[in-house]
2 protein chains.
Amino acid sequence: MRYSEDHKARTRQRIIREAAERFRRDGVDATGLQTLMKALGLTHGGFYAHFKSKDELVEIALQEAAGQLGEVSERLFASDDPLDAFIDSYLSAEHRAGPGRGCPLPTISAELGARGHASPTTDAVVRERLEMIEKNLPAEHAREQGVALLASLVGALVLSRSVADEELSDRILGDTRAYLKRQVKEESPA
Amino acid sequence: MRYSEDHKARTRQRIIREAAERFRRDGVDATGLQTLMKALGLTHGGFYAHFKSKDELVEIALQEAAGQLGEVSERLFASDDPLDAFIDSYLSAEHRAGPGRGCPLPTISAELGARGHASPTTDAVVRERLEMIEKNLPAEHAREQGVALLASLVGALVLSRSVADEELSDRILGDTRAYLKRQVKEESPA
DNA sequence: TGTACATCAGTGAACGCGCGTTCACTGATGTAC
DNA sequence: TGTACATCAGTGAACGCGCGTTCACTGATGTAC
């Protein structure tokens with residue numbers, strides 16, 4: 001069966017998008033290539049016509065996820081109150097419930113790092129995220145505050161997904177949200 | 001072979017301690033029962049004389065890890081500057097390098113939560129940790145600040161272990177440490 | 001216009017491997033007589 | 001004191017399963033003549 005010129009490229013893209021979702025939602029280790037390909041109506045053997053190994057796909061999917069997040073955040077950072085919008089979005093119930101469409105830092109990067117496979121792509125994601133945040137902070141303690149702010153966001157999301165009690169989970173998101181927004185306002189008295 | 005009266009109980013404890021270390025260091029999924037038992041000079045078949053399933057051991061090992069952390073933090077919180085000591089210890093290079101002996105929240109709990117297996121034990125660990133922190137914060141915003149502080153600690157550790165560049169990793173720990181300590185001081189003017 | 005051939009994305013069986021779990025068994029010891 | 005038996009922590013082969021990876025193959029299409 002011959003296919004249109006860009007057919008293979010489009011299949012490759014479909015695999016990457018599906019992987020980016022599943023790696024974030026179910027975990028890298030827990031996502032089998034067989035299941036992944038089947039979900040796209042393909043068989044697992046064809047995988048290696050597109051990627052050298054699962055590890056290569058992990059790296060590419062992490063970049064894809066980061067790119068998706070970058071687009072979303074750029075929209076948020078274009079609003080009137082960029083940091084508030086970003087904090088609200090990051091610590092929302094939607095983000096907690098949809099890891100497959102969310103930030104890869106608390107999911108893919110955390111899993112890779114925990115296994116001792118820290119990926120350079122994670123560095124790029126972290127740096128990009130930090131730059132966006134720091135640009136919107138007043139100069140004085142921007143660097144330190146930027147890092148601490150990102151850490152709070154990632155940690156609160158991880159914790160909110162880890163606890164079984166929904167009330168506690170809501171409190172983790174809500175209190176962190178309130179505290180961070182207050183901090184950001186206090187340090188930037190316009 | 002007959003054994004001393006407490007022999008089985010001591011073997012059980014050895015399994016729990018080894019599991020608590022490996023689950024934190026290598027991950028729950030990546031730790032096979034065969035490897036775990038072999039590391040103790042035992043064979044894997046005997047595992048089920050001690051535990052109903054791997055899942056049961058995971059729960060027990062998480063409690064063990066939390067208990068170990070509890071002891072350490074109690075010592076820290078007995079010092080002159082309890083919160084500073086806790087922050088320094090949590091965000092130290094030693095804690096980053098030794099997940100197997102550290103806080104289970106960025107490791108076991110994060111992994112379980114990411115797989116959608118949020119464990120009630122995690123709730124207990126989070127609540128315990130929060131109480132310790134809040135007790136040492138001034139009343140006004142203690143609740144919100146306590147949650148945000150814990151989130152920062154967990155997030156900074158996760159991120160510092162996820163990035164490949166050591167300099168960036170150090171910056172994540174160092175800047176978060178500096179910022180949090182400054183925050184704690186500003187909010188509690190003695 | 002008709003036929004032979006090349007292309008190549010995708011197929012699916014097979015590989016060795018480690019997983020969690022089960023279970024009939026071992027064998028050193030303590031107890032009963 | 002000597003022998004038969006019960007105990008039971010630990011042994012190790014076996015189960016079905018899904019993993020990542022390999023590879024000979026398929027078959028619809030475009031091209032060459």
Side-chain angles (χ1 to χ4, degrees), chain A residues 1-62 108 111-112 114-117 119, chain B residues 1-62 108 111-112 114-117 119:
Chain A
M1 37 179 149
R2 259 300 176 65
Y3 297 89
S4 63
E5 227 173 87
D6 62 345
H7 179 92
K8 194 180 180 185
R10 284 195 296 119
T11 300
R12 181 189 156 93
Q13 204 51 41
R14 284 205 302 142
I15 296 174
I16 293 170
R17 292 182 66 91
E18 186 72 23
E21 166 150 10
R22 285 173 180 261
F23 287 166
R24 281 178 284 181
R25 193 187 62 206
D26 306 329
V28 173
D29 241 57
T31 300
L33 296 183
Q34 188 137 194
T35 315
L36 175 71
M37 295 296 276
K38 203 173 194 175
L40 297 167
L42 296 168
T43 50
H44 55 286
F47 177 84
Y48 294 90
H50 293 281
F51 307 98
K52 222 171 75 256
S53 64
K54 187 183 181 184
D55 280 352
E56 190 190 70
L57 176 62
V58 170
E59 207 65 23
I60 294 171
L62 176 52
I108 305 179
E111 183 183 351
L112 297 182
R115 292 192 311 189
H117 297 122
S119 147
Chain B
M1 39 180 149
R2 260 298 175 70
Y3 297 89
S4 63
E5 227 174 86
D6 62 346
H7 179 92
K8 193 178 181 185
R10 284 194 296 121
T11 299
R12 181 187 155 93
Q13 204 50 41
R14 284 205 302 143
I15 296 173
I16 293 171
R17 290 180 68 91
E18 186 73 23
E21 166 151 9
R22 284 172 181 264
F23 288 166
R24 280 178 284 181
R25 193 187 62 205
D26 307 328
V28 173
D29 242 56
T31 301
L33 296 183
Q34 189 136 192
T35 314
L36 175 71
M37 295 297 275
K38 203 172 193 175
L40 297 167
L42 297 168
T43 48
H44 56 286
F47 176 85
Y48 294 89
H50 294 280
F51 306 98
K52 224 170 75 256
S53 64
K54 186 183 181 182
D55 280 352
E56 191 190 69
L57 176 62
V58 169
E59 208 65 25
I60 294 171
L62 176 53
I108 304 179
E111 183 183 352
L112 296 182
R115 292 191 312 189
H117 297 122
S119 145

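In what follows, every chain begins at residue 1, and chains take the letters A, B, ... in the order their sequences are listed. In what follows, every heavy atom counts, from backbone to side chain, and hydrogens, waters and symmetry copies are set aside.
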In whole Å, I'd like the distance from the [atom1] atom of [X] to the [atom2] atom of [N].
| X | N | atom1 | atom2 | result |
| --- | --- | --- | --- | --- |
| A:L36 | D:dG18 | CG | P | 16 Å |
| A:L40 | C:dT11 | CG | P | 11 Å |
| B:F47 | C:dG20 | CZ | C1' | 9 Å |
| B:F51 | D:dA9 | CZ | P | 13 Å |
| B:K38 | C:dC19 | NZ | C1' | 15 Å |
| A:D29 | D:dG18 | CG | C1' | 12 Å |
| B:Q34 | D:dA14 | CD | P | 14 Å |
| A:L57 | D:dT21 | CG | C1' | 14 Å |

Strand partner of [N], provided both Watson-Crick or wobble distances fall under 3.5 Å:
| N | value |
| --- | --- |
| C:dG20 | D:dC15 |
| C:dA32 | D:dT3 |
| C:dG27 | D:dC8 |

Which nucleotide in [options] has an atom nearest any side-chain atom of [X]:
| X | options | result |
| --- | --- | --- |
| B:H7 | D:dG10, D:dG12, D:dT21 | D:dG10 |
| B:L33 | C:dG20, D:dG10, C:dT22 | C:dG20 |
| B:T11 | C:dT21, D:dG10, C:dG10 | D:dG10 |
| B:H44 | D:dT21, C:dG20, D:dG12 | D:dG12 |
| B:T35 | C:dC19, C:dA14, C:dT21 | C:dC19 |
| B:T43 | D:dA14, D:dT21, D:dT11 | D:dT11 |
| B:L42 | C:dG10, D:dG12, D:dT11 | D:dT11 |

Sugar-phosphate, base or nothing in reach of B:G32, heavy atoms under 4.0 Å: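 Sugar-phosphate, no base atom in range.
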Exercise: identify the closest heavy-atom pair between B:S53 and B:Y48: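 Taking every non-hydrogen atom into account, CA-CE2, 4.0 Å.
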Residue pair A:L42 / A:T11: nearest heavy atoms and the distance that separates them: CD1-CG2, 3.7 Å
DNA chain C: 5'-proximal contact among B:G46 and B:K54 (nearest heavy atom): B:K54
Residue-phosphate contact under 4.0 Å: B:Y48 side-chain N/O, C:dT22 OP1/OP2: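 No, B:Y48 has no side-chain N/O under 4.0 Å of OP1/OP2 on C:dT22.
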Interatomic spacing from CD in B:E59 to CZ in B:F51 - rounded to 0.5 Å: 12.5 Å
Salt-bridge criterion met for B:R22 and B:E18 (N-O under 4.0 Å):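 Yes, this pair counts.
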Trace of the side chain to side chain contact (heavy atoms under 4.5 Å, CB included) decision for B:V28 with B:K54: CA-CA 9 Å; B:V28 173; B:K54 186 183 181 182; 4.3 Å; yes
Side chain proximity check, B:T35 to B:D26, heavy atoms < 4.5 angstrom: no
